[in-house]
Each structure stands twice: as structure tokens, then as C-alpha cells.
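The first residue in the sequence is number 1, and the count goes up from there. Here the structure is a predicted model, which is why all the values come from computation and not from measurement.
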Amino acid sequence: MSPSRIRFALCCFAVSMALSPLCAAHEVIPPDWCLQDQREPKIVARFDMDGKELRGFLAKCGIVEKDQWRGATKGVIEYCKLAAPKDDAVPFVFGPDSYLSDHHHSVYDLDEGISGACAVCAPRTQRGDKAAASGR
């Protein structure tokens, strides 16, 4: 997927989070995240952990949760903090489907692992300047 498509997907996700009243109970990403003028999401790290890697990471961080979805969520929040400590990176989880399910608290299992990206709200790059620099 191209970087511009990823940025677009992240922007759509941020807007949908802001507009959805159902997201209030699971506010991993603040509803007003990166909606400011002249700012855009920028991926700074990716994660793709299988179950063993995820459990190992949670153990190293001292994260113990009875609710496996909550434990995984705390884990990726911590992962993004470590990946971009000065930039307030936030996690965007892409899978597995059970993590994203409406019934995630009952169906998600740590053994499924987790994948996604950490993003920061960076100053918008000037598209014209970028194209001019590349000779387009």
C-alpha cells in the first residue's frame, strides 16, 4: 500500500473515531487526534507480533490483564511509546479480525497476535514542494 493511501486510511479512521459515539468506551485514540490544519498522520513504526512475541512483550512490560483485548491494547500503546518516545505515537491496529470485532473482549485471544502501525501527528508535507524536488 502506498504511503499516501496509508495516510488517507489513517485520516479516515481518525475522523470515524471522532464521529462515532460508540468509540467512547474504547478511546485508544482520542477522537480529536490529528484533525488540526496543516497536520497529518505519519507512520513511524509498524508491529506484527505473533502470539508468542506479543505475550513476551507484555511480560517484559509487566502488563497482566485478565481481558486479553485490553492487555494487547496496553501492549501496543506501550510499543508505540517506545518506538517514538518524544512524538506521542498512537497505535492503529489492523488485525486480527477478532481484535477489531464488536465482540473483541470475548473473542480476541493473545495467541492470535496483533499487527498495525504507530503514527504521530506530524506537520503536513507540501505536496508541490515534494513534486518539484523529485522533478515532476
(message) As a quick check of understanding, evaluate side-chain contact (heavy atoms from CB on, under 4.5 Å) for Y108 and S101, giving each step before the final call.
(response) CA-CA 8 Å; Y108 175 71; S101 160; over 6 Å; no

(message) Taking C34's backbone N and O only, do any of them form a donor-acceptor pair with R39's side chain (distance below 3.5 Å, no angle check)?
(response) no

(message) Can a donor-acceptor pair be found, under 3.5 Å and without considering hydrogens, that links the side chain of E112 to the backbone of D109?
(response) yes

(message) Before you tell me yes or no, could you show the steps for L82 and F57 under side-chain contact (heavy atoms from CB on, under 4.5 Å), namely the whole-Å CA-CA distance, both residues' side-chain angles and the distance that decides it to 0.1 Å?
(response) CA-CA 12 Å; L82 294 170; F57 183 77; 4.0 Å; yes

(request) Kindly say whether L110 contributes a backbone atom to a donor-acceptor pair with the side chain of Q68 at under 3.5 angstrom? (result) yes

(request) For the pair R55 and K52, evaluate side-chain contact (heavy atoms from CB on, under 4.5 Å) and give the outcome as yes or no after the intermediate values. (result) CA-CA 5 Å; R55 286 181 184 279; K52 184 177 180 182; 6.0 Å; no

(message) Give me the atom names and distance for the closest heavy-atom approach of V44 to A84.
(response) CG2-CB, 3.8 Å

(message) Taking V90 as the starting point, is it possible to reach F94 by hopping between hydrophobic residues whose side chains are less than 4.5 Å apart?
(response) yes

(request) Check Y79 against C118 and note the closest heavy-atom contact, atom names and distance. (result) CD2-SG, 3.7 Å

(message) Looking at every heavy atom in both C61 and E78, which two are closest together, and how far apart are they?
(response) SG-CG, 3.8 Å

(message) Counting only heavy atoms from other residues, nucleotides and ligands, does the tally under 6.0 Å from CG of D67 exceed 12?
(response) yes

(request) Check the surroundings of atom CG in D50: do more than 12 heavy atoms from other residues, nucleotides or ligands lie under 6.0 Å from it? (result) yes

(request) State whether the side chain of W69 and the backbone N or O of Y99 hold a donor-acceptor pair below 3.5 Å, judged by distance alone. (result) yes

(message) What's the separation between atom CG in D102 and atom NE2 in H105, rounded to the nearest 0.5 Å?
(response) 11.0 Å

(message) Could you check whether any side-chain heavy atom of S115 comes within less than 4.5 Å of a side-chain heavy atom of M49, counting everything from C-beta outward?
(response) no

(request) List the steps, then state whether side-chain contact (heavy atoms from CB on, under 4.5 Å) holds for V93 with F47. (result) CA-CA 9 Å; V93 177; F47 51 90; 4.3 Å; yes

(request) Taking all heavy atoms of A117 and all of C80, pick out the closest pair and write down the distance. (result) O-SG, 4.5 Å

(request) Identify the heavy atoms of I63 and G71 that sit nearest to each other, and give their distance. (result) CG2-O, 3.9 Å

(request) Report yes if some heavy atom in the side chain of L58 is under 4.5 Å from a heavy atom in the side chain of V64; otherwise report no. (result) no

(message) Could you tell me if the side chain of R70 sits less than 4.5 Å from the side chain of E65, heavy atoms only?
(response) yes

(message) Side-chain heavy atoms nearer than 4.5 Å, only ILVMFWY residues, links allowed to pass through others: does that put L100 and I114 together?
(response) yes

(message) Would you say that W33 contacts C121 through its side chain, given a criterion of any heavy-atom pair below 4.5 Å between the two side chains?
(response) yes

(request) Search all heavy atoms of L54 against all heavy atoms of A72 and return the closest pair with its distance. (result) CD2-CB, 4.2 Å

